[in-house]
Amino acid sequence: MRSLALGVVGGAGRPGPGRVVARSSDGVVDVGSLADVEGGPHPELLAATTLDPLLAAGRPAWREVHGWLASRLREEHAPYVLPPAGLELRLPFTVADYVDFFACERHALNAATIARPSGAALPPNWKHLPVGYHGRAGTVRVTGTPVERPRGQVAAGELAPTRQLDVEVELGFVLGASDGPVAMEAALDHVFGVVLLNDWSARDVQAFESRPLGPLLGKSFATSISGWVTPLDELAAAWTDPPPRDPAPASYLRGSTDRGLDVACELVVNGTTVSRPPAVDLHWTVAQLVTHLTTNGTPLRAGDLLGSGTISGARRDQRGCLLELSWGGTEPVAVGGGGSRTYLEDGDEVVIAATAPAVGGGRVELGEVRGRVLPAR
């Protein structure tokens, strides 16, 4: 079944630049009109053209809106279901800042082994803090937006379209605001919800430019997110213990909010499932990402987006990117249409989907993020 998730739609016959909607078993529900007519909480926030005002309102408003919608959508709401013809998902919020982390130990070890087969090791800081880098908020796109093959320096002085275009299966965390450091116990109060995220990567560009600093052109060209944001309150049954850690996290990264999410992801290329990465294996949890990011005093802005980094499990069929699935381009992966890939070709379509445990049993779908590769200009 579908999770209760919020998004923004536009399209033919829809007045204005967008309207906030929710998913239901009957279709797409105009929650602004529903709240206005029936006296729901914060109708002015739900009548906005994006989720921005709701994100800025903070945890008490988020909890009220989710609780009311969860109850109300179990009742008759057909008058508020929008006709599907012409509807299109829009980017649901304005991305303020975007930080991509490196939270999965298995992915970090695999990437290190591929790069340095004879001396693979985690970076010395990796188990002591969540490693991350700042991405470009302006290149975050909603599901369904095509992605052009990027250019970059793939070797010294050689500017060319990437020959190693890759995907990364990630969770994205959509945040509200804070004025400064956020302690672990308060970290989840600043997380509105979860999106599925594909951080497209040009591996050859990334490898050449990431010495000594982190990636730039190899990552900055496109990040895709699902059009539906699943509120964190909807995932109450998905919390789970994080994996064992040695050494233990620093004291500022410990607390009762240090909990992982049991989200089962699926990576599909040209209609064929090529892996099922488990988010339960993430070494660093969302509360730790928020706390570490703000420890130096940096504020959060409503609409900040945090990526988990590639999610990978212990088995080959749980690896969350083609770099790992093809082991650096040496082991082709079977995809739809009877073909195989080491990295993506023009015309390939990638879909990331996910499910999580539902309150009361079963699992809920978190939507999908989809993108097709276009040739370089």
Side-chain angles (χ1 to χ4, degrees), residues 100 102-117 120 143-144 146-150 152 154 160-171 196-208 210 215 218-219 221-224 226 263-282 307-355 366 368-376:
D100 197 34
F102 196 30
C104 179
E105 182 177 3
R106 178 61 58 178
H107 170 64
L109 282 170
N110 284 345
T113 302
I114 292 167
R116 298 177 296 278
T143 180
V147 173
E148 293 182 359
R149 183 176 297 273
V154 297
T162 178
R163 293 184 282 270
Q164 297 180 354
L165 183 60
D166 201 355
V167 299
E168 293 190 348
V169 177
E170 303 191 24
L171 295 184
L196 302 182
L197 188 150
N198 181 356
D199 192 38
W200 303 81
S201 302
R203 296 300 187 187
D204 42 3
V205 176
Q206 179 185 357
F208 184 68
S210 298
K219 292 280 194 175
F221 60 97
T223 300
S224 299
S226 52
V263 176
C265 302
E266 180 182 30
L267 174 60
V268 179
V269 180
N270 295 343
T272 294
T273 298
V274 298
S275 71
R276 299 182 186 276
V280 70
D281 284 348
L282 289 174
S308 65
T310 302
I311 301 166
S312 290
R315 305 193 310 264
R316 186 188 185 199
D317 65 354
Q318 294 177 324
R319 298 171 185 170
C321 63
L322 289 171
L323 173 72
E324 295 173 80
L325 283 164
S326 72
W327 209 250
T330 64
E331 301 174 8
V333 180
V335 299
S340 64
R341 297 287 186 272
T342 52
Y343 294 101
L344 295 174
E345 297 181 4
D346 294 345
D348 286 346
E349 184 176 56
V350 176
V351 180
I352 298 169
T355 64
L366 302 189
E368 67 175 29
V369 55
R370 176 184 300 265
R372 186 179 297 277
V373 179
L374 299 182

### Query
By salt bridge (charged side-chain N to carboxylate O under 4.0 Å, His left out), which residues pair with Arg319, not counting sequence neighbours?
none
### Task
Evaluate the side-chain proximity of Val335 to Asp348: yes if any heavy-atom separation is below 4.5 Å, no if none is.
no
### Query
Looking only at heavy atoms, what is the nearest atom pair of Gln206 and Pro215, with distance?
CG-CB, 3.9 Å
### Message
Let me confirm one number: the CG-CD distance from Leu322 to Gln164, rounded to the nearest 0.5 Å.
### Response
11.0 Å
### Query
What are the two closest non-hydrogen atoms of Leu323 and Asp166, and how far apart are they?
N-OD2, 2.9 Å
#### Entry: Check ion pair Asp281-Arg106 (N to O, under 4.0 angstrom)
no
### Message
Any heavy-atom pair between the side chains of Asp199 and Thr223 that's under 4.5 Å?
### Response
yes
### Query
So Leu344 and Trp200, side-chain contact (heavy atoms from CB on, under 4.5 Å) or not? Walk me through it.
CA-CA 10 Å; Leu344 295 174; Trp200 303 81; 3.7 Å; yes
### Query
side-chain contact (heavy atoms from CB on, under 4.5 Å) between Asn270 and Arg341: does it pass, once the steps are laid out?
CA-CA 11 Å; Asn270 295 343; Arg341 297 287 186 272; 3.8 Å; yes
### Message
Give me the atom names and distance for the closest heavy-atom approach of Gly218 to Val205.
### Response
N-CG1, 3.6 Å
### Query
Are any of the side-chain heavy atoms of Arg149 and Thr162 separated by less than 4.5 Å?
yes
### Summary
Heavy atoms of Gln318 and Arg276 approach each other most closely as CG-O, 3.6 Å
### Query
Measuring from Thr273:OG1 to Leu267:CG, what's the distance to the nearest 0.5 Å?
8.0 Å
### Summary
Between Pro277 and Gly320, the two heavy atoms sitting closest are CG-CA, 3.8 Å
## Note on the structure
Between Ile114 and Glu324, the two heavy atoms sitting closest are CD1-CA, 4.1 Å
